[in-house]
Amino acid sequence: QVQLVESGGGWVQPGGSLRLSCAASGNIFSIDAMGWYRQAPGKEREALACVSGSGSIFYYADSVRGRFIISKDNAKNTVYLQMNRLLPEDTAVYYCAADSVMCERDYYSMGYWGRGTSVTVSS
C-alpha cells in the first residue's frame with residue numbers, strides 16, 4: 001500500500017507562483033513513477049507532468065510547459081510541482097498520482113492517488 005498527501009494549494013493572483021508538494025509513505029519502494037494531474041469543475045482530469053523513479057521527466061502538458069516544473073526529493077519521498085506565471089484557467093483541484101510501472105497520461109492507469117489540493121487563481 002502507498003499513501004500520497006498533497007499540500008501547498010490555495011489562492012494566488014494571476015502571474016503569481018505556487019509550489020505544490022506530494023509526500024509518499026507506506027511501501028514507497030514499489031513506486032516507479034509519480035505525476036501531477038488537475039481537474040477543473042465540469043472538465044476531464046488532465047495529465048500535467050510525470051517523473052520516473054530514475055528521474056527522467058516523461059512529459060509536460062502543452063498547457064503548462066514552460067511555466068510548471070516537476071521535481072523530486074528522494075530523501076524526503078516527495079515530488080513537487082512548481083507553478084509559475086499562473087493564469088485563471090489554472091484554477092482546479094490538483095492531484096498527485098503514483099504507479100509501480102510507468103507514467104501514464106490516462107489517469108485511470110495510475111495505481112495510487114492523493115486526495116487533491118485546491119488551487120484558485122483570480123484577481
(message) Starting from Tyr37, can I reach Leu4 by hopping between I/L/V/M/F/W/Y residues whose side chains sit under 4.5 Å apart?
(response)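 No, because Leu4 and Tyr37 fall into different hydrophobic clusters, even though each may have its own neighbours under 4.5 Å.
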(message) Under 4.5 Å between side-chain heavy atoms, counting indirect links through other Ile/Leu/Val/Met/Phe/Trp/Tyr residues: same cluster for Met34 and Phe58 or not?
(response) no
(request) Check the pair Cys103 / Tyr59 against side chain to side chain contact (heavy atoms under 4.5 Å, CB included), numbers first and verdict last. (result) CA-CA 9 Å; Cys103 292; Tyr59 60 80; 4.2 Å; yes
Donor-acceptor pairs are to be reported for all side-chain atoms of residues 7-23 against protein atoms at under 3.5 Å, with residues two or more places apart or in another chain.
| from | atom 1 | to | atom 2 | distance (Å) |
| --- | --- | --- | --- | --- |
| Trp11 | NE1 | Ser122 | O | 3.4 |
| Trp11 | NE1 | Ser122 | OG | 2.8 |
| Ser17 | OG | Asn84 | OD1 | 3.0 |

(message) Run Arg38 and Val119 through side chain to side chain contact (heavy atoms under 4.5 Å, CB included) and show every step you take.
(response) CA-CA 10 Å; Arg38 70 182 180 188; Val119 173; over 6 Å; no
(message) Side chains of Met83 and Val64, heavy atoms from C-beta outward: is any pair under 4.5 Å?
(response) no
(request) Measure the shortest side-chain to side-chain distance between Val121 and Leu87 over non-hydrogen atoms and say whether it is less than 4.5 angstrom. (result) no
(request) Dump the intermediate steps for side-chain hydrogen bond (donor to acceptor under 3.5 Å, both in side chains) on Arg45 and Tyr107, then the final yes or no. (result) CA-CA 7 Å; Arg45 191 165 299 186; Tyr107 70 89; over 6 Å; no
(message) Just verifying a value: how many Å separate Glu6 CD and Ser118 OG, rounded to the nearest 0.5 Å?
(response)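 OG of Ser118 is found 11.5 Å from CD of Glu6.
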(message) How long is the straight-line distance from CD of Gln3 back to CG of Asn77, given to the nearest 0.5 Å?
(response) 12.0 Å
Give a yes or no answer on whether the side chain of [X] reaches the backbone of [Y] with a donor-acceptor pair at less than 3.5 Å.
X: Asp106; Y: Tyr108; value: no
X: Asp99; Y: Gly111; value: yes
X: Gln39; Y: Val93; value: no
X: Ser30; Y: Ser100; value: no
X: Tyr60; Y: Ile70; value: yes

Nearest heavy-atom pair of [X] and [Y]: which atoms, and what distance?
X: Asn27; Y: Val2; result: O-CG2, 3.5 Å
X: Asp32; Y: Val101; result: OD2-O, 2.9 Å
X: Lys76; Y: Thr78; result: O-OG1, 2.8 Å
X: Val79; Y: Val51; result: CG2-CG1, 4.2 Å
X: Glu46; Y: Ser63; result: OE2-OG, 2.8 Å
X: Ala92; Y: Ala40; result: CB-N, 3.8 Å

(request) Check whether the ring centres of Trp36 and Phe68 lie less than 6.0 Å apart, and answer yes or no. (result)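 Between Trp36 and Phe68, the centre distance exceeds or equals 6.0 Å.
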(message) Counting neighbours of CD on Glu89 that are heavy atoms of other residues, nucleotides or ligands and sit closer than 6.0 Å, is the number greater than 12?
(response) yes
(request) State whether Tyr95 and Arg115 meet the cation-pi test: NZ (Lys) or CZ (Arg) under 6.0 Å from the six-membered ring centroid, and within 45° of the perpendicular axis. (result) no
(request) Tell me, with the steps shown, if Ile69 and Tyr80 meet side chain to side chain contact (heavy atoms under 4.5 Å, CB included). (result) CA-CA 8 Å; Ile69 302 171; Tyr80 304 95; over 6 Å; no
(request) Apply the test side chain to side chain contact (heavy atoms under 4.5 Å, CB included) to residues Ser52 and Met102: give CA-CA distance (whole Å), side-chain angles for both, the deciding distance (0.1 Å), then the verdict. (result) CA-CA 7 Å; Ser52 72; Met102 63 182 294; over 6 Å; no
